[in-house]
Amino acid sequence: MIVLKTSRELALMREAGRISANALKLAGKAVEPGVTTEEIDRIARKYIESCGATPNFLHYNGFPATACISVNDEVIHGIPKKNRVLKAGDIVSIDLGAQIHGYHGDNAYTFPCGDISKEAQALLDATQESLYCAIKAAVPGGRLGDISSAVQKYVEARGYSVVREFVGHGVGASLHEDPSVPNYGTPGRGVRLLPGMTLAIEPMINAGKKEVHVLADGWTVKTNDGSLSAHFEHSVAITPDGPVILTQPD
Ligand code: MG
């Protein structure tokens, strides 16, 4: 069931989104050669808790940290570790969120660590731009497939591939709500988009082939071919005036 939010609820979601976005921005500033993924996680957790909010990934289905930090060929759900030291040239996907006043924010960004290759930068640029194409399609009267196909069309035209097994989702009083928001699909198909829908749109894009697998830790998802992967996400509200990004930092 898709829950439509009132304007009062959207205001609360904006606050959860603001804290989530600030935490992500802070975490991204900490990305540099020599830093461990655990240190980045600690920075994000400290900030979220200092706002009186709760890191909503922590303990979710047993996930042990505030942020998912996925490096290079890791797609999503990487577990922060004290022995995972970042080096120049890495691309670092950080996905995190905060809950406050009963509502959730969820956002992700892939940060460059030091100087990265042209190829890596192009993947980051395309993945981020595909998210904005998808957000533009999040308008009342449209269909879910308009959002999904916007991502797919943009990245496949540039030779990249869309991960199929993991998708975006509704977000609100629960971190994951209906509907599922795939990053592939057909324009004009799927659920009709209505004001009050709140969606976490999150392209996960591989430089190589689309196939991925989960590591023995039960969480970390990697590309099968070892190619780089990028991940950008915003929580977005569909309003009568068009899409509104809820995960906006100060
Ligand atoms: Mg999400």
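Taking each heavy atom of Met13 and Val171 in turn, the nearest pair found is CE-O, 3.5 Å. Between Pro112 and Val31, the shortest heavy-atom contact is O-CG1, 3.8 Å. Closest non-hydrogen pair, Ser93 versus Thr110, comes out as OG-OG1, 2.8 Å. Considering every non-hydrogen atom in both Val155 and Ala126, the closest pair reads CG1-O, 4.1 Å. Contact record, Val236 with Pro243: CG1-CB, 4.0 Å, taken as the closest heavy-atom pair. Across all their heavy atoms, Leu96 and Ser20 have their closest contact at CD1-O, 3.4 Å.
Using a 4.5 Å heavy-atom threshold, the side chains of Tyr109 and Lys25 count as separate. Using a 4.5 Å cut-off on side-chain heavy atoms (C-beta onward), Tyr160 and Leu228 make no contact. Residues Arg84 and Glu74 have side chains in contact (heavy-atom distance under 4.5 Å, counting atoms from C-beta outward). Put simply, the side chain of Phe57 reaches to within 4.5 Å of the side chain of Asp106, judged on heavy atoms. Under the 4.5 Å side-chain criterion, counting only non-hydrogen atoms from C-beta, Leu144 is in contact with Leu193. Looking only at side-chain heavy atoms (C-beta outward), Phe166 and Val75 stay at 4.5 Å or farther from each other. Put simply, the side chain of Leu199 reaches to within 4.5 Å of the side chain of Pro179, judged on heavy atoms. For the pair Val151/Tyr184, no side-chain contact is recorded, criterion being any heavy-atom separation below 4.5 Å from C-beta on.
Between atom CD1 of residue Ile201 and atom CD1 of residue Ile245 there is a gap of 8.5 Å, rounded to the nearest 0.5 Å. The OG1 atom of Thr66 sits 8.5 Å away from the NE2 atom of His59 when rounded to the nearest 0.5 Å. Taken to the nearest 0.5 Å, the CG atom of Asp90 stands 10.5 Å off from the OG1 atom of Thr37. Rounding to the nearest 0.5 Å gives a distance of 11.0 Å between CD of Gln128 and SG of Cys133. The line from CD of Gln99 to CD1 of Ile19 is 10.5 Å long, rounded to the nearest 0.5 Å. Note: Asn107 CG to His231 NE2 = 9.5 Å, rounded to the nearest 0.5 Å.
Between the side chain of Ser161 and the backbone N or O of Lys210 there is at least one donor-acceptor pair closer than 3.5 Å. Between the side chain of Asn72 and the backbone N or O of Ile91, at least one donor-acceptor pair lies under 3.5 Å. Although no hydrogens or angles enter the test, the distance criterion places no donor-acceptor pair under 3.5 Å between the side chain of Ser130 and the main chain of Tyr154. Without hydrogens or angle criteria, Asp178 side chain to Ile2 main chain gives no donor-acceptor distance under 3.5 Å. Using a distance-only test at 3.5 Å, with no hydrogens or angles considered, no donor-acceptor pair links the side chain of Ser148 to the main chain of Gly145. Side chain of Asn183 to backbone of Glu202: a donor-acceptor contact under 3.5 angstrom is found. Between the side chain of Asn206 and the main chain of Val163, no donor-acceptor pair closer than 3.5 Å is present. With hydrogens and angles disregarded, a donor-acceptor distance shorter than 3.5 Å links the side chain of Asp146 to the backbone of Arg143. A distance-only check finds no donor-acceptor pair linking the side chain of Ser180 to the backbone of His169 [under 3.5 Å]. A side-chain donor-acceptor contact under 3.5 Å links Thr247 to the backbone of Ser235.
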Determine whether Ile76 and Val212 satisfy the following criterion, side-chain contact (heavy atoms from CB on, under 4.5 Å), listing intermediate values before the conclusion. CA-CA 10 Å; Ile76 48 167; Val212 299; over 6 Å; no
Could you walk me through whether Val191 and Met197 pass the side-chain contact (heavy atoms from CB on, under 4.5 Å) check? CA-CA 11 Å; Val191 171; Met197 283 184 180; 3.9 Å; yes
Could you walk me through whether Glu15 and Arg18 satisfy the salt bridge (Lys or Arg N to Asp or Glu O under 4.0 Å) test, starting with their C-alpha distance in whole Å, then the side-chain angles of each, then the deciding distance to 0.1 Å, before giving a yes or no? CA-CA 5 Å; Glu15 178 60 4; Arg18 187 184 70 82; 3.0 Å; yes
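The closest side-chain donor-acceptor pair between Asp225 and Ser227 falls under 3.5 angstrom.
Heavy atoms of other residues, nucleotides or ligands lying less than 6.0 angstrom from CG of Asp250 number more than 12. More than 12 heavy atoms of other residues, nucleotides or ligands lie within 6.0 Å of CZ in Arg164, so this atom counts as buried by the packing criterion.
Salt-bridge check for Glu177 with Lys5: passed, with a basic side-chain N closer than 4.0 Å to an acidic carboxylate O.
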